[in-house]
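What follows is a single structure, written as structure tokens, with notes after it.
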Amino acid sequence: MRFYTPFFALTAASVIPSVIGHCLVVDTVGDAGRAHGYGLGVNFATPRDGTGTAFQKDVTVFGETTVGLAKGCGKTHMQADRYLPGQPGYDPAPDQPNTVKPMVEKMVTMGSIPMCSAGGYLNVTFHQINGDGAGPFTCMIDQTGMASKFTKITVKKQADGINGANAGALVKNLLIVNIPADVKCTGTFGSKKNVCMIRCQNPSANGPFGACIPFELKVTAPPPPPPPPVEEDAPADEETTDDAKMKRDLTDEQMDFIMGGEYFTPEQKARMRKSSPPKKFNKWKNRKNRKAHGN
């Protein structure tokens with residue numbers, strides 16, 4: 001369902017049958033949370049048990065067919081200018097633009113923003129009303145969340161169809177859309193930050209049909225910084241306080257244990273007093289004390 005000028009609408013109405021199909025996104029859920037969302041413009045009061053015009057009023061149609069030209073989130077309400085008054089499918093109500101900011105903020109208040117992780121996925125359930133609401137779908141992402149500039153992303157699980165058409169009607173089609181591993185979502189809507197916008201559309205000649213789907217990126221806290229390196233003890237200065245010297249010097253008893261009754265020069269003794277305490281000194285001392293007490 002393309003956007004036509006009034007002149008072309010008059011011409012098209014005489015040659016194009018009034019079999020308008022279409023599809024809409026009725027459920028979305030990401031890999032990183034339990035929140036369920038839906039496509040912008042969906043009105044859950046619209047009945048889903050038929051294929052005619054009354055069941056298509058909240059279908060989104062886009063004006064651009066390629067990723068490079070894609071901008072915005074399309075319109076709903078059947079594009080009334082395609083038909084002449086009195087003809088099948090004519091609806092005098094004006095088209096309803098899918099205005100991103102207020103629609104997404106409403107979804108935030110409803111808790112209807114799915115959450116995905118970088119490198120994760122988004123499950124997208126399309127309700128196919130009739131024949132030209134089929135696949136395959138092209139999906140794209142805008143990392144600002146405002147649907148102003150899109151880049152193509154991959155679809156892990158595709159919907160059945162050839163050029164947007166198949167023999168399906170009133171069926172659900174599941175797409176699984178891959179989220180890029182290097183994605184950076186920067187959109188802010190109400191209390192939600194890190195919001196991206198995905199747009200999926202089929203190549204139907206009457207469309208393209210599809211939806212814009214916001215999601216929140218799960219942002220993990222950065223790991224804590226590593227602890228500072230432990231500095232090794234600096235070499236002792238030659239000039240030290242008496243207290244520090246007393247802590248480092250060996251006791252006379254420890255000196256006796258080390259010297260073992262041998263003669264050492266005063267210079268040698270001075271250096272020995274600066275040594276670390278001997279490892280087996282306590283065992284030697286305990287044995288000496290037991291002997292002194294006759295044990």
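Side-chain contact check for I129 versus H127: some heavy-atom pair is nearer than 4.5 Å. Between I153 and N178, the closest side-chain pair of non-hydrogen atoms is not below 4.5 Å. Put simply, the side chain of I141 reaches to within 4.5 Å of the side chain of F215, judged on heavy atoms. Contact annotation: the side chain of L175 approaches that of Q158 to within less than 4.5 Å [non-hydrogen atoms, C-beta and beyond]. At least one side-chain heavy atom of I198 sits under 4.5 Å from a side-chain heavy atom of I179. The shortest side-chain heavy-atom distance between T28 and P214 does not fall under the 4.5 Å cut-off.
Rounded to the nearest 0.5 Å, atoms CG (L122) and SG (C139) are 8.5 Å apart. In this structure, CG in D31 is found 10.0 Å from CE in M115, a value given to the nearest 0.5 Å. Taking CE of M197 as the reference point, atom SG of C73 lies at 4.5 Å (rounded to 0.5 Å). Here the straight-line distance linking atom CG of N173 with atom CG of N166 works out to 7.0 Å at 0.5 Å rounding. Here the straight-line distance linking atom CD1 of I113 with atom OH of Y38 works out to 8.0 Å at 0.5 Å rounding. Note that CZ of F209 and CD of Q56 are 7.5 Å apart. Values are rounded to the nearest 0.5 Å.
Scanning both residues, V59 and C23, for their nearest heavy atoms gives CG1-O, 3.5 Å. When all heavy atoms of C212 and G72 are compared, the closest pair comes out as SG-O, 3.8 Å. Nearest heavy atom pair, residue G74 against residue T60, reads CA-CG2, 4.3 Å. When all heavy atoms of Q201 and P208 are compared, the closest pair comes out as NE2-CG, 3.8 Å. Taking each heavy atom of T51 and A169 in turn, the nearest pair found is CG2-CB, 4.3 Å. F189 and K101 make their closest contact through CE2-CA, 4.0 Å (heavy atoms, listed as atom of the first residue, atom of the second, distance).
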- Message: Please evaluate residues D58 and T76 with respect to the criterion side-chain hydrogen bond (donor to acceptor under 3.5 Å, both in side chains), reporting the C-alpha separation (whole Å), side-chain torsions for both, the decisive distance (0.1 Å), and the verdict.
- Response: CA-CA 5 Å; D58 55 347; T76 62; over 6 Å; no

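Criterion: ILVMFWY side-chain heavy atoms under 4.5 Å apart, direct or through other members. Under it, M107 and I213 are not part of a common hydrophobic cluster. Under the 4.5 Å side-chain heavy-atom criterion for ILVMFWY residues, no single connected hydrophobic cluster contains both V29 and V155. Hydrophobic clustering, with ILVMFWY side chains joined whenever heavy atoms are under 4.5 angstrom apart, keeps L24 apart from V124. Residues V25 and V104 fall into different hydrophobic clusters, defined by Ile, Leu, Val, Met, Phe, Trp and Tyr side chains chained together at heavy-atom separations under 4.5 Å. Taken together through direct or relayed side-chain contacts under 4.5 Å among Ile, Leu, Val, Met, Phe, Trp and Tyr, F55 and V171 form parts of separate hydrophobic clusters.
Between the side chain of N123 and the backbone N or O of L174, no donor-acceptor pair lies under 3.5 Å. Proximity of a side-chain donor or acceptor of T125 to a complementary backbone N or O of V26 within less than 3.5 Å is not detected.
Proximity of the aromatic rings of F137 and F126 is defined here by a centroid distance below 6.0 angstrom, and this criterion is met.
Within the structure, side chain to side chain donor-acceptor pair (under 3.5 Å) pairs that include any residue of residues 134-146 comprise D142-T144 (at least two apart or interchain). Among residue pairs with one or both ends in residues 155-180, none qualify as salt bridge (Lys or Arg N to Asp or Glu O under 4.0 Å); sequence neighbours excluded.
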